[in-house]
Colleague: 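The structure that follows is given in the form of structure tokens.
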Amino acid sequence: MSWLPLSFGAPMVLWGLLALPVIWWLLRFTPPKPQTEVFPPLKILARVLKREETPQQSPWWLTLLRLLMAALIVAALAEPVFNPRERLPAEGAALALVIDNDWASAADWGQRVATAERLIADASSNDVPVIIAFTAEKPNAEIGPFDAATALDRLRAAKPRPIPTDRPAVYARVAATLESLPGASVAVLADGLAAEGDEAAFNTLLSKNAARVVWAASDRPDLIGLTGADNLVDGFELTAIRAPGDPAPAQVTAGAFDDKGRRIADATLIFSPGESTATATMAVPFELRNDFASISLDGQRQAGAVRVLDESSKRRRVGLLSQAEADQAQPLLSPLYYIRRALQPFADLAEPSSADLADAIPQLLDQKPAMIVMADVGTIPQQVRQRLVDWVDNGGTLVRFAGSRLVAAGNNDDLLPVRLRTGERSLGGALSWTTPQPVTDFPKSGPFADLAPPAEVTVSRQVLAEPTPDIVERSWATLADGTPLVTGMKKGKGTLVLFHVTPEATWSNLPISGSFVEMLRRIVQLSRNQGAAVANAEAAAASLAPYRVISADGTLVPPTPDARPLVPGAGPLPVTFENPPGLYGSDTGVVAHNLLNAESSFAPLVRPQIPVPVTTIQYAFDESHNLKGPLVAAALVLMVLDTLAVFWMGGLFSRRPRRAGTAAATTAALLIALGALVGHTDIARADDAKPGDERAIEDISKTRIGYVQTGDRSVDSISQAGLEGLTRFLIDKTALEPGAPASVDISKDQLAFYPLIYWPIDPAAPMPSQAAIARVDAYMQQGGTVLFDTRDQFATGIGAEQASPATERLRDILGNLNVPALEPVPEDHVLTKSFYILPEFPGRFAGGPLWVAASLEASNTENRPVRTGDGVSPIMITANDFAGAWAVDENGDPLLPTVPSDPMQRIYALRAGVNIMMYMLTGNYKSDQVHVPVLLERLGQ
């Protein structure tokens, strides 16, 4: 079920939207918010006086918000998808995914992976196994079948390779796997380029067991590759190719880079309409061309657009030297004529301006040539000889040709590869029994090993080398009779080469043959611009370790663990998984192994004739979006807003002061109630707020313990610290959370706000006035309790004949109060069990009794204290210094020691304070525990 561009995975869930009217009806009524009431009863009274009305029906906007939240949840459960994609035919016995991951797939690899992921997702929904194979991987790579999750992991772990595809081998493996899975779906994700053996490969893959095919390939591969980069006389000539048949013109810029990645030259290649080949020349000086390490095409992020260069691509400077005068009338007889013609296409030639060797050799050496060719040069002047020897030792290549001057000069051991015999050998002359000798196969130890011997070349005269043990190793070319034609050897870092014939066609027709050009080219390639490479058997035949390889996206990277050494051979070497394109060798010298060569071409892949149904798709990212997550998130946001709205309506976030009229009315009602409690009837009207109203509201908002101000800072501070310690203990041990202790001035403060007032008796303090004592007396008569503490346990007690000063002051105060009969707390009094079971009530001092109002019928222990009603004692007297035992500092550590010093005495003192507070707040309801035996007896237990 789908409505473009939106579809639902579970459309039946949308029927849940019909429940929205029922939800609306249920949401019309909201229960009244629960009220949290805080003791004391004055708080309740204040709220009762101002009746708050709760609407029976929820606001329309809250109902709308909740309906919208329910609709979002229903829509999310229906699994909506925006811009849904078409499901692919990934069904049957299995799904076979064959994916080209060669160099041509690197540019759009992400789209190919996204396409394959959609196929695997559809296979997972159909619960079919997946065969996944890549055409540019190891030959023995596992292809499955796998479950969908494993196939997806292998897909995401795969990457494009800088090598061509091997479709025949991979398709054959997939076809063999499908033999046991008839009726499978086959998905071909090709790179769009044709390759050798494609027809047979597709016939093998699709002829059997394929019930349906998904075909994905680029219609027109937008690929451009570099097939050539030749260092010619005028510059670097570049050749690029593209797929044929493209009617649009195109141009691409090529950049040359040195070994540090710096761009040092540019060229533009232009493809004419319909043309598949383009050329361009980088016309830069040969010194700069020799710094080229790689050439790549801009905008083509694939291995075919990169070409690495080795020493064979660098153009050498070659110096030419001859003692013969040039004959303009007969140029073919010039010793350097054929050498110039042979070297000019691939070398920069330099000749001295002077014919004098003493001047000519320094002129050539100053130009730092890679190679010097001496055509029939005899004796070398002594003043320049050592400099020439040093140049060879430092890496120069010296090539010499025989002639009459060289024969007459005798041996130059340090500038010849072999010792020469005196004179020359003549073959086929009038006085000779021999005939001219042909060239035999080139020795395997020389640089010409892979060249075919020139059958048309013969030698009629030559200089002979002295037989030595190493003459065979130094022979690079020989005649049929075994005498050397070309010899060479390593000298220091350089190379010495000798052609045993003249450079003109007088002793041999070698200089006018094609082999002569190729032989000189090989020697130039072996030369290094003061490098250290040597042409010998080991260098020609040894394998070269991978040095830098070209990745699929066209960058030079370190070799991968799968790369293997490259074995040089004749002709271009194939690019394989074990020999990817790149540089092979070491820091001293490398060989370039490129993906494309001069014979490479791009041919579009043509879809074969497929006898089963075919679904054609394009490579693309999945643009569908599952809306389930956003809808659930939106519903959660609305849920949070609904919660905040409920809290706001409940007044949780209301922190603004009430309006003056509301505050005044509340204060008036409160003061009237207080006046009724304390007997003040002189309040006629309270329409306006009075000073102290804020303090009154604050005092009744939480239960607080008050202490009487004595005027002595030390006594008052101990009282405050003691009540703070008791407050902490109450919060920690009970459900009561009292507010901070309050300092009370009995002469003017409202006493009704405090269920308990602690009064430390200080004999040095002034005697309270009669009005103050009357206020205290009214407070006690209306249900309040005063805890008098004389703090004189170790002085004379309250009932002694000789009383302490504190006790005397207490007697004076009590003389003006309506004090009931007192008694020490009996063993079965409610105070002994209101929270803790306590036999005594110690403070900082121990031993003194706690005096309370005597119970009615005190002599009848069975009825006491049940017959006392629900009231509490309005007065308590102790001499044990409760506040001193309760007092703590900011860290909760005790301020004063107990007497005697017993840690448990302080604990019992705090428990005594808890029992007193519980007794004050709950009355004597726990006295009903004495009826437990009677109740159990009545219940028959």
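Computed from a predicted structure; not experimentally measured.
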Colleague: Please check if any side-chain donor atom of Thr150 sits under 3.5 Å from a side-chain acceptor atom of Asp153, or the reverse.
Modeller: no
Colleague: Applying salt bridge (charged side-chain N to carboxylate O under 4.0 Å, His left out), name anything that partners Arg156, two or more places apart in sequence or on another chain.
Modeller: Glu117
Colleague: Run the numbers on Val914 and Tyr836 for side chain to side chain contact (heavy atoms under 4.5 Å, CB included), then give the verdict.
Modeller: CA-CA 8 Å; Val914 171; Tyr836 293 103; 4.0 Å; yes
Colleague: Can you check whether Asp828's main-chain N or O pairs, donor with acceptor, with Thr832's side chain at less than 3.5 Å?
Modeller: no
Colleague: Below 4.5 Å, heavy atoms only, C-beta onward: do Pro763 and Glu808 meet side chain to side chain?
Modeller: no
Colleague: Under the side chain to side chain donor-acceptor pair (under 3.5 Å) test, which residues partner Asp777, sequence neighbours left out?
Modeller: Asn818
Colleague: Ser873 side chain to Val852 main-chain N or O, any donor-acceptor pair under 3.5 Å?
Modeller: no
Colleague: With Phe729, which residues qualify under ring-ring contact (aromatic ring centres under 6.0 Å, His included), at least two apart?
Modeller: none
Colleague: Measure from the side-chain N and O atoms of Asp889 to the backbone N and O of Asp893, and report whether any donor-acceptor pair falls under 3.5 Å.
Modeller: yes
Colleague: Listed by chain and number, what are the side chain to side chain donor-acceptor pair (under 3.5 Å) partners of Thr790, not counting sequence neighbours?
Modeller: Asp792
Colleague: Could you tell me which residues satisfy side chain to side chain contact (heavy atoms under 4.5 Å, CB included) with Ser717, sequence neighbours excluded, listed by chain and number?
Modeller: none
Colleague: Taking it one step at a time, do Tyr919 and Thr785 satisfy side chain to side chain contact (heavy atoms under 4.5 Å, CB included)?
Modeller: CA-CA 11 Å; Tyr919 172 65; Thr785 299; over 6 Å; no
Colleague: Which pair of heavy atoms, one from Ile731 and one from Pro738, lies closest together, and at what distance?
Modeller: CG1-CD, 3.9 Å
Colleague: With a sphere of 6.0 Å drawn around CD of Gln781, does it hold more than 12 non-hydrogen atoms of other residues, nucleotides or ligands?
Modeller: yes
Colleague: Considering residues at least two apart in sequence or located in another chain, which fulfil the side chain to side chain donor-acceptor pair (under 3.5 Å) criterion with Ser124?
Modeller: none
Colleague: Within the side chain of Asp716, is there an N or O that forms a donor-acceptor pair under 3.5 Å with the backbone of Thr710?
Modeller: yes
Colleague: Quick one: does Asp642's side chain have a donor or acceptor within less than 3.5 Å of a partner on Leu638's backbone?
Modeller: no
Colleague: What residues, two or more places apart in sequence or in another chain, satisfy ring-ring contact (aromatic ring centres under 6.0 Å, His included) together with Tyr779?
Modeller: none
Colleague: Are Met767 and Asn816 close enough, and set up right, to give a side chain to side chain contact (heavy atoms under 4.5 Å, CB included), and what steps lead you there?
Modeller: CA-CA 11 Å; Met767 181 68 183; Asn816 298 317; 4.1 Å; yes
Colleague: Within this structure, what is the CD1-CE distance for the pair Ile773 and Met780, rounded to the nearest 0.5 Å?
Modeller: 11.5 Å
Colleague: Ignoring hydrogens and angles, tell me if any N or O in the side chain of Arg844 forms a donor-acceptor pair with the backbone of Pro897 under 3.5 Å.
Modeller: yes
Colleague: Among residues at least two apart in sequence or on other chains, which ones pass side chain to side chain contact (heavy atoms under 4.5 Å, CB included) with Gln905?
Modeller: Pro842, Ala846, Thr898, Pro900, Asp902
Colleague: The criterion is side chain to side chain contact (heavy atoms under 4.5 Å, CB included); which residues satisfy it with Asp732, sequence neighbours excluded?
Modeller: none
Colleague: Nearest heavy-atom pair of Ala885 and Ala909: which atoms, and what distance?
Modeller: CB-CB, 3.7 Å
Colleague: Scan the side chains in residues 874-882 for donor-acceptor partners under 3.5 Å anywhere in the protein, sequence neighbours excluded, and list what turns up.
Modeller:
from	atom 1	to	atom 2	distance (Å)
Thr878	OG1	Asn880	N	3.1
Asn880	OD1	Gly848	N	3.2
Asn880	ND2	Phe841	O	3.0
Asn880	ND2	Gly848	O	2.8
Asp881	OD1	Gly884	N	3.0

Colleague: Taking the six-membered ring of Tyr754 as reference, does the NZ or CZ atom of Arg704 fall below 6.0 Å from its centre and within a 45° cone about the axis?
Modeller: no
Colleague: Holding to side chain to side chain donor-acceptor pair (under 3.5 Å), I want the full list of residues that pass it with Ser714, two or more places apart in sequence or in another chain.
Modeller: Asp712
Colleague: Side-chain contact, heavy-atom cut-off 4.5 Å: Trp759 with Ile813?
Modeller: yes
Colleague: For the CG atom of Leu838 and the CZ atom of Arg911, what is their distance to the nearest 0.5 Å?
Modeller: 7.5 Å
Colleague: If you take all heavy atoms of Pro768 and Ile746, which pair is closest and at what distance?
Modeller: CB-CD1, 4.1 Å
Colleague: Roughly how far apart are Ser719 OG and Arg791 CZ, rounded to 0.5 Å?
Modeller: 7.0 Å
Colleague: How many angstroms lie between CD in Gln720 and OG1 in Thr727, if you round to the nearest 0.5 Å?
Modeller: 10.0 Å
Colleague: Between Gln709 (side chain only) and Gly711 (backbone N and O only), is there a donor and an acceptor less than 3.5 Å apart?
Modeller: no
Colleague: Kindly give the heavy-atom pair with the smallest separation between Trp886 and Gly913, and that separation in Å.
Modeller: CZ2-CA, 3.5 Å
Colleague: Has the side chain of Arg809 got a donor or acceptor atom that lies under 3.5 Å from a matching backbone atom of Ile761?
Modeller: no
Colleague: Of all residues at least two apart in sequence or in a different chain, which pass the side chain to side chain contact (heavy atoms under 4.5 Å, CB included) check with Ala635?
Modeller: Met69, Leu72, Ile73
Colleague: Taking all non-hydrogen atoms of both residues, which atom of Leu817 and which atom of Phe788 are closest, and how far apart?
Modeller: CD1-CZ, 4.3 Å
Colleague: Working to the nearest 0.5 angstrom, can you tell me the gap between Phe835 CZ and Ile916 CD1?
Modeller: 14.5 Å
Colleague: Can you name the closest pair of heavy atoms from Leu726 and Met917 and give their distance?
Modeller: CD2-CG, 4.5 Å
Colleague: Could you please spell out the steps behind the side chain to side chain contact (heavy atoms under 4.5 Å, CB included) verdict for Leu787 and Leu850?
Modeller: CA-CA 10 Å; Leu787 174 57; Leu850 177 62; 4.2 Å; yes
Colleague: When rounded to the nearest 0.5 angstrom, what distance separates CG in Asp789 from CG in Asp762?
Modeller: 12.0 Å
